[in-house]
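As C-alpha cells, the structure follows; a few thoughts come after it.
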Amino acid sequence: MADINFKTQELANLYAYGNTPNRAGDLSYFRTNTDDATVSAIQSLDMRIANFQNVITDGAKQGSEDFPYDKDYLKREFMEEVFSILIKRSNYRASNAVYTSLFSSGPVTYSADGQDLLLNGTRTLLANGQTWDGNNFSNMTYDEMKAALKTGPNEGGTAVFDAYSAWIDAVFAEGNKLKNNPTDVVNIVSSIPERTLPTSSDPSIIYDRVVTVKTGTKDSLGNPVYNYFLVAKGAVISDVGKVIVPGTLNGQQVDATVAAIPSSSATSYYIQVDKNLDPVTPNGAGVQTTAKNLSPIMYLYYYMEARVRVLRGQLNMKEAVTSEIRDDLAKANSAYADLETQAGKTRAQSPDGKTTNPDLSYETTNMDFFEATNAKKGQVIYDNTGNDDLHNYSNWGASRSALKSYIDQKSTQSQDAMLDYQTTLNRFNQAYEVMSKIQEKMDGLIKGQLRNVG
C-alpha cells in the first residue's frame, strides 16, 4: 500500500478498508499479493488519485473524449486503470465471463499471443445478457466491468472496484471543499466615538464600534445590501491566523486553513442602526449575541488568504491535468517502443521479392491495454484488420501512424495545459503580491504609531 498522508480519517479508512464491511482484506490482497511491477503501478495510481484531496475539480474545463480531464472523465480514467489491473490477473476474472479470443469460459492467463483484447462486434460478458461491443473499455459501463469480476474472498474484484469508486468520489469531494473557504462567518468592525444610547435594556451601555454585516441580497442597482450594528465597548475583536490540518500519516501537516482567532464567538451587546448610525428602532433594546468581528485590515487579510487558498486549489487542478497528460504520454511512448520492436520483426517483401508482407508479429500486452484504456469510445488505435493481434508490415505502418497522431495530440494538449496553468499561476501570484503590499502597509502603520508614541 502506498504511504499517503490523508487529510481526513474518512479518506484513510476508505483507502485501507473500502466501503464494504468485512472486505478490507480484498484491498490489501489486491495491492500486495502480486508481482513488483504491478505493486508499483498500483502505488503510482493510488498516489495520483490521492493528490486530488487538495484539488478543486468543480468549475474546471468540461471534459470530452478529446480532452478527458474533468472530474467525471478523470474518475473514468482511474476506474479503467483499476479494471485493467484486475482483469490482467486471472484470479479476478469471473468464471462465467466469456471473451471471444481472449478468455475461455474459465479464468486463463492473458498471453497476448494473438488474443486481441479489442475485437469489433458484440461479445456476451455474462449469462444475464450484458454485452460489450469490444472496441475499448470506454464502451463498458461500470456494471459491465463488475460483471466480469469475481466476488469471492481474496478474489473480490467487485469489492476492490466498488472501494475505489467510493474512495475516488470521496477524494474529489474533499478537494472541492476548498472552494467553500473560508468557513467562518466574520464581520468587519470599525471604531467610532463612544456613545451611550438610551435603550430599554440598559441605559448605560456604551458603544464604540460599528459592525458591517452582509445580508446576501442586492439592491435594484445590483449593489450588495448591508446591515449595520453598534457594538458595545469591550467586545472581543478577533485576530486572523492559520490552523494546521494534520494528516493521518504520522500526524504530518497536509494543509493549513485561515481562521478567526479565538475560534469561539464572543458575546456582546449589539444594536441595529442605519447608515447614519442612528438606531433603526428609537429607544430600542440592545441584543446580546455572539459574533466574530475583524478589524478592516484583518478582514481584508482574512479574505485575501481565503482567495489565495481557493486559487491554490484551482492551480492544483491545472497541475493535476498537466500531470495526467504527461502520464498518458509516457504510456503512449512505452506502447510506441513496443510497436517498433514488434514491427521490426516484419518485412515489406520476402527475400526473393515475390511475396508482399510475408511476416506477422503480435501486439504486446502493454500495447493491448494501453489501447483499451486510451482509445476514444467506439474506436481503436491500432490496425484491426482480421480482428486479431497479428500484423504484417503494412498493418504496422497504419498502427504506427495512428499512435503517432495520438502522441502528437497529447503533446499539443500538454502545451495548452501548461498555458492554462500559467494563467491561473499569474492570478495566484497577483493575490500574493496584494497580500505582500497589505503587510508592508501594516508594518508602516505600526512603526509610524510607535514613533508618534515616542
Look at [X] together with [Y] and state whether they make a salt bridge at an N to O cut-off of under 4.0 Å.
X: R31; Y: D46; answer: yes
X: E324; Y: K410; answer: no
X: D255; Y: R309; answer: yes
X: D327; Y: K331; answer: yes

Side-chain donor-acceptor pair present, [X], [Y], cut-off under 3.5 Å:
X: Y29; Y: N33; result: yes
X: N293; Y: Y270; result: yes
X: D352; Y: S350; result: yes
X: Q430; Y: N426; result: no

Can the ring centres of W167 and Y164 be said to be less than 6.0 Å apart? yes
Criterion side-chain contact (heavy atoms from CB on, under 4.5 Å) on Y421 and V321, from CA distance to verdict: CA-CA 9 Å; Y421 167 81; V321 168; over 6 Å; no
Audit row: Y299, T212, side-chain contact (heavy atoms from CB on, under 4.5 Å) steps and yes/no: CA-CA 11 Å; Y299 186 87; T212 305; over 6 Å; no
By the ring-ring contact (aromatic ring centres under 6.0 Å, His included) test, which pairs, at least two apart or in different chains, include something from residues 323-358? none
One pair to check against ring pair (Phe, Tyr, Trp, His ring centres under 6.0 Å): Y432 and F428. What are the steps and the verdict? CA-CA 6 Å; Y432 257 119; F428 181 75; 5.1 Å; yes
Please say whether the positively charged group of K75, taken as NZ for Lys or CZ for Arg, lies over the ring of F172, i.e. under 6.0 angstrom from the six-membered ring centre and within 45 degrees of the axis.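 So K75 doesn't make the cation-pi contact.
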Please indicate whether K179 has more than 12 foreign heavy atoms, meaning atoms of other residues, nucleotides or ligands, lying under 6.0 Å from its NZ.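 Above 12, so yes.
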In sequence, state the C-alpha distance, the side-chain angles, and the governing distance for E80 and S138, and then conclude on side chain to side chain donor-acceptor pair (under 3.5 Å). CA-CA 8 Å; E80 286 183 13; S138 294; 3.1 Å; yes
